Number of protein chains: 2
Amino acid sequence: MREKLSENTEEKILEAAKEIFVREGKSGARMQEIADKAGINKSLLHYYYRSKEKLFYTVFKFVFSKFAHKIINLFDADKDIFEVIEQFIDNYIDLIRKNPFIPMFIINEINRKETSFVTEVIRETGINIDTYFEFIQRNIDLGKIKAVDPKQLIINILSLCIFPIISRPIVQIILYDDNKNAYDKFLDQRKKEVNEIIFTMIKPN
Amino acid sequence: MREKLSENTEEKILEAAKEIFVREGKSGARMQEIADKAGINKSLLHYYYRSKEKLFYTVFKFVFSKFAHKIINLFDADKDIFEVIEQFIDNYIDLIRKNPFIPMFIINEINRKETSFVTEVIRETGINIDTYFEFIQRNIDLGKIKAVDPKQLIINILSLCIFPIISRPIVQIILYDDNKNAYDKFLDQRKKEVNEIIFTMIKPN
DNA sequence: GTCTATAAATTGATAGAC
DNA sequence: GTCTATCAATTTATAGAC
């Protein structure tokens, strides 16, 4: 019973902390706000996680892991690479659009931390980029795509998908006079745009 | 004399504030740290700028304006569009590489602020996107490039240049085992990569 | 496990002397 | 203009009752 309740609380805290940290950043987040959102007392935060630093670490690992795996996992099977990429772009743009603060949060906090922190998170997260490399190499060997640099390729895809969304608050104003609907259309159109770019660059002559 | 000294102090404050705010973010920056870096007393900060908020506003406008104009100004003259783009990519990647925190700072803070703040900054900054639109349209009319969407085009260029640098701390570890030199080579190579992508997408059949 | 009370440290801001 | 001293508010963290 008690344990059951405890687990519940721990989850509620993590859920609340996630929301606050992601939105406000580590230094902008307040323990009080997290406690309020979790519907508990501030002291309980320290009971479950010794300090703000430790709570942040837990949250960051959780968020990063989930996000990173969503990227990596797509490049597995023996599916057609063009289908995989098309699906990836479609899913990914929608995913970030729904959680626009997540990429910002990750990039932002990673820029503030020492290398050791980042390395540790990556290690614990257990993401494995080799699956992706092999997937690309296999397709090159089969002559399905040109012999492109897989590193440049993945960065191209991520850049073209992520940047328009994290920079939305400025770009929407400058390009579309802050018309939200217009920018949403722009992002929909963007799926085709990114697809075309990537396909053009990798398809054999 | 007094005025001369005053000006000097104000500049020193702005310079220090810029460095701290850009690196630590608004909520992470400390007035004490800014004062220390400027070599003055904390009270003087409040003497020149009434509050942290006002100091931040001044710094943000300054940083954003400088950065935005560097982007816009390149698309002016009657120069060849392919040359302009090539030069832009080359300059821009180097510029961000030297100041990797600036784009993050801008994107980050703009995501935290209300639309009114962003609109105000853009208005005061006086950036004018029309110059760019006209430049592209002229080149389309002349048949120098395909009839691409100028909005997608500029976002493509910026995405491909900025993202690999702001995400460097993660990507360098995942793709290059945290080998700094290797990633620098990657970024140099990237200039060619981005150029090729953009050229391929806009050059007439 | 959860709460109240409170400590201890930090931080933005002001008053007032020079 | 610049500094010292200090306030007032915030914020992380702990002690201790239940």
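Numbered from 1 within each chain, the chains take letters A, B, ... in sequence-line order. Scope of the values below: all heavy atoms of this structure, side chains included, with no hydrogens, waters or symmetry mates. It should be emphasised that the depicted structure is a prediction, and the values quoted were computed from it without experimental measurement.
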> How long is the line joining CD1 of B:Ile40 and C1' of C:dA13, in whole Å?
Replying inline: 14 Å
> With respect to the side chain of B:Tyr47, which nucleotide from D:dG1, C:dG1, C:dA13 is positioned closest?
Replying inline: D:dG1
> Any salt bridge between B:Asp141 and B:Arg138, counting N to O under 4.0 Å?
Replying inline: no
> Starting at CD1 of B:Ile20 and ending at P of C:dT11, how long is that distance when rounded to a whole Å?
Replying inline: 12 Å
> How is B:Ala29 classified with respect to the nucleic acid when contacts are heavy atoms under 4.0 Å: base, sugar-phosphate, or nothing?
Replying inline: sugar-phosphate
>> Without decimals, in angstroms, what is the distance between A:Ile13 CD1 and C:dT2 P?
In response: 8 Å
> Can B:Glu53 and B:Lys113 be counted as an ion pair, charged N to O under 4.0 angstrom?
Replying inline: yes
>> Looking at every non-hydrogen atom in both residues, tell me the closest pair between A:Ile106 and A:Phe64 and how far apart they are.
In response: CG2-CD1, 3.8 Å
> Expressed in angstrom and rounded to an integer, what is the separation of B:Arg50 atom CZ from C:dA13 atom C1'?
Replying inline: 10 Å
> Rounded to whole angstroms, how far apart are CZ on A:Arg30 and C1' on D:dT11?
Replying inline: 7 Å
> Between A:Phe56 and A:Phe21, does the ring centre distance come in under 6.0 Å?
Replying inline: yes
>> Looking only at the aromatic ring of each residue, does the gap between the centers of A:Phe135 and A:Tyr132 stay below 6.0 angstrom?
In response: no
>> Distance check needed: D:dT10 C1' versus B:Lys52 NZ, whole Å only.
In response: 12 Å
>> For a quick test of reading the model: is some side-chain N or O of A:His46 closer than 4.0 Å to OP1 or OP2 of D:dT14?
In response: no
> For D:dT2, does either OP1 or OP2 sit under 4.0 Å from a side-chain N or O belonging to B:Thr9?
Replying inline: yes
> To the nearest Å, how far apart are A:Phe56 CZ and D:dA13 P?
Replying inline: 14 Å
>> Whole angstroms only, please: what is the CD-P distance between A:Glu10 and C:dG1?
In response: 9 Å
> Nearest of C:dT2, D:dT12, D:dT2 to any side-chain atom of A:Leu44?
Replying inline: C:dT2
>> Of the options C:dG12, D:dA13, D:dG1, whose atoms approach the side-chain atoms of B:Tyr48 most closely?
In response: D:dG1
>> Taking donor-acceptor contacts at under 3.5 Å, does the side chain of A:Ser43 reach the base of C:dT4?
In response: yes
